[in-house]
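What follows is a single structure, written as structure tokens, with notes after it.
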Amino acid sequence: MDVTLQYFDDCPNWKVADERLRTALAARGLDAGVRYEVIDTPAAAQAAGFRGSPTILIDGVDAFGAPDAPIGLACRIYETPQGRAESPTVDQLIAVLAGTAG
């Protein structure tokens with residue numbers, strides 16, 4: 001499994017997502033390393049189809065992507081059971097990982 005965390009430096013939310021993602025990987029017993037990809041220009045955002053920071057890709061697919069979400073350098077908001085948040089919850093990440101793990 002290939003796990004990538006895309007972000008840009010001016011958005012602090014990627015650090016929360018990173019912590020939650022690592023917790024979810026450990027909970028699933030997955031030994032997948034997380035690759036980090038800095039998206040730092042509007043052109044890079046367009047080229048990557050970047051829908052905001054943080055974006056979590058599992059095997060190259062945006063795990064929480066909506067095809068109509070805008071592309072660009074912005075902090076991303078996630079819908080969680082507790083309401084809108086800066087990152088998916090650990091439980092949401094575990095569910096996504098369970099759905100993509102062999």
Calculate, to the nearest 0.5 Å, the distance between atoms [atom1] and [atom2] belonging to [X] and [Y] respectively.
X: R28; Y: T23; atom1: CZ; atom2: OG1; result: 14.5 Å
X: T80; Y: D91; atom1: OG1; atom2: CG; result: 10.5 Å
X: I56; Y: D62; atom1: CD1; atom2: CG; result: 8.5 Å
X: T55; Y: I39; atom1: OG1; atom2: CD1; result: 8.0 Å
X: Q92; Y: Y78; atom1: CD; atom2: OH; result: 9.5 Å
X: F8; Y: S53; atom1: CZ; atom2: OG; result: 5.5 Å

task: May I have all residue pairs that pass side-chain hydrogen bond (donor to acceptor under 3.5 Å, both in side chains) and include part of residues 36-48, sequence neighbours excluded?
output: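 Residue pairs passing side-chain hydrogen bond (donor to acceptor under 3.5 Å, both in side chains), neighbours aside: Q6-E37, D18-Y36, R22-Y36.
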
- request: Please test R35 against T4 for side chain to side chain donor-acceptor pair (under 3.5 Å), starting from the C-alpha separation and ending with a verdict.
  value: CA-CA 5 Å; R35 187 171 66 89; T4 302; 3.2 Å; yes

message: Is a donor from one side chain sitting under 3.5 angstrom from an acceptor on the other, for R20 and T89?
response: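 Distance-only check fails for R20 and T89.
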
task: Go through the steps for L97 and L25 under the test side-chain contact (heavy atoms from CB on, under 4.5 Å), then give the verdict.
output: CA-CA 8 Å; L97 293 167; L25 286 165; 3.8 Å; yes

hydrophobic_cluster_shared for [Y] and [X], side chain cutoff 4.5 Å:
X: V90; Y: L57; value: no
X: F50; Y: V34; value: no
X: I94; Y: M1; value: no

Show me the donor-acceptor pairs within less than 3.5 Å that the side chains of residues 66-75 make with the rest of the protein, sequence neighbours left out.
none

query: How far apart are the closest heavy atoms of A17 and S87, and which atoms are they?
result: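 Scanning both residues, the minimum pair turns out to be CA-OG, 3.3 Å.
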
query: Which pair of non-hydrogen atoms, one from R51 and one from R76, has the smallest distance, and what is that distance?
result: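 Shortest heavy-atom separation between R51 and R76 comes out as O-CD, 3.7 Å.
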
task: Go through the steps to decide whether I58 and V96 satisfy the test side-chain contact (heavy atoms from CB on, under 4.5 Å), and finish with yes or no.
output: CA-CA 9 Å; I58 310 259; V96 166; 4.2 Å; yes

message: Applying salt bridge (charged side-chain N to carboxylate O under 4.0 Å, His left out) as the test, list every pair that has at least one member in residues 2-16; sequence neighbours left out.
response: none

message: Do Y7 and V38 have side chains that approach each other closer than 4.5 Å (heavy atoms only, starting at C-beta)?
response: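 The answer is yes, as the side chains (C-beta and beyond) meet within the 4.5 Å cut-off.
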
